[in-house]
Amino acid sequence: MHQEIEPAVLYVGTPVVLVSTMNEDETPNLSPMSSAWWLGWSCMMGFDASSKTVENLLRTKECVLNLPSVNEVSNVDRLARLTGSNPIPVHKNRMGYQFKPNKFEIAKLTPEPAVSVGAPRVQECPIQLEATLVNSHEFAANDPKMLIETIAIEVRVTKVHVRTDILSETFENRIDPDKWKPLLMSFLEFFSHGEKLQRSRLAELPEENWGGRKPSLRQATGEKSNCNK
């Protein structure tokens, strides 16, 4: 049996991303968000249009998408209700947000240089995606349930950094989903995924069929890789 409801948010369960950008004074900004999805090496993100991250991204045209695991949940939560915008936007001021320019320090996270962009990576995050701006456009402008101005931003990933302990021991250039424990947000609460239910029939196909590099002979035959040795 189903019941019709009108929830204020529809965060049914999406990965948390820490987006790092550079401020005008060459200091880094760090912002948690969970409105992101990927196709190939492209990512679409939804933001509050008043966000300092949006301002920085549109100006510098680059960022790093840092994906925390369940181990970084406390670090991420330290950034809740903080903003890099000064003055604080009216709606955020009403919700008790505070202006804090030193977010890395507050979150107890470590910035490290990126390779292809000026924004820093977050050392503690197991997956770090350097990216450049492709496009942006107004989002939900005619949605009566959207009470603030929002923006959709498309970026293209230029470099992928993955911690070696979550890489596949069988295939090159692949993350092992049994080792990767992403931090998820569902209706404003933090979760992680549970145990794997079963293997998808899609997993019977080479992952490279969906984009990226062509499968190597080792991948095609299932020969064990020495890339992590």
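Salt bridge status for Glu124 with Arg163: absent, with no side-chain N to carboxylate O gap under 4.0 Å.
To the nearest 0.5 angstrom, Phe47 atom CZ is 14.0 Å from Lys52 atom NZ. With values rounded to the nearest 0.5 angstrom, Ser74 atom OG is found 9.5 Å from Glu72 atom CD. Here the straight-line distance linking atom CG of Leu10 with atom CZ of Phe187 works out to 6.0 Å at 0.5 Å rounding. The line from CG of Leu82 to NZ of Lys92 is 10.0 Å long, rounded to the nearest 0.5 Å. Here the CG atom belonging to Asn66 is positioned 8.0 Å from the CG atom belonging to Leu129, to the nearest 0.5 angstrom. Note that CG of Leu65 is 5.0 Å distant from CE of Met45, once rounded to the nearest 0.5 Å.
Across every non-hydrogen atom of Gly96 and Arg81, the tightest pair is CA-NH2, 4.0 Å. Of all the heavy atoms in Pro89 and Ser50, the pair that sits closest is CG-OG, 3.5 Å. Minimum heavy-atom separation, Ala152 to Phe139: N-CB, 3.9 Å. The two atoms that bring Thr21 and Ala119 nearest to each other are CA-CB, 3.8 Å, heavy atoms only.
In this structure, Trp37 places its CH2 atom where only 12 or fewer heavy-atom neighbours from other residues, nucleotides or ligands lie under 6.0 Å away. Summarising the local packing, CG of Asn142 is surrounded by 12 or fewer heavy atoms from other residues, nucleotides or ligands at distances under 6.0 Å.
Side chain of Arg59 to main chain of Met22: a donor-acceptor pair is present (N/O by atom type, distance under 3.5 Å, no hydrogens or angles). Looking only at distances, a side-chain donor or acceptor of Thr158 sits under 3.5 Å from a matching main-chain atom of Glu130. For the pair Ser20 (side chain) and Pro120 (backbone), a donor-acceptor distance under 3.5 Å is present.
Leu18 places a side-chain heavy atom less than 4.5 Å from the side chain of Cys125. Side-chain contact check for Val122 versus Phe104: some heavy-atom pair is nearer than 4.5 Å. Between Glu24 and Glu55 there is a side-chain heavy-atom pair separated by less than 4.5 Å. A heavy-atom distance below 4.5 Å is found between the side chains of Thr53 and Asn29. For the pair Met185/Phe190, a side-chain contact is recorded, criterion being any heavy-atom separation below 4.5 Å from C-beta on.
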Go through it in stages, so that I can follow the logic: the residues are Asn56 and Thr60, the test is side-chain hydrogen bond (donor to acceptor under 3.5 Å, both in side chains), and I'd like the CA-CA distance, side-chain angles, deciding distance and then a yes or no. CA-CA 6 Å; Asn56 289 344; Thr60 65; over 6 Å; no
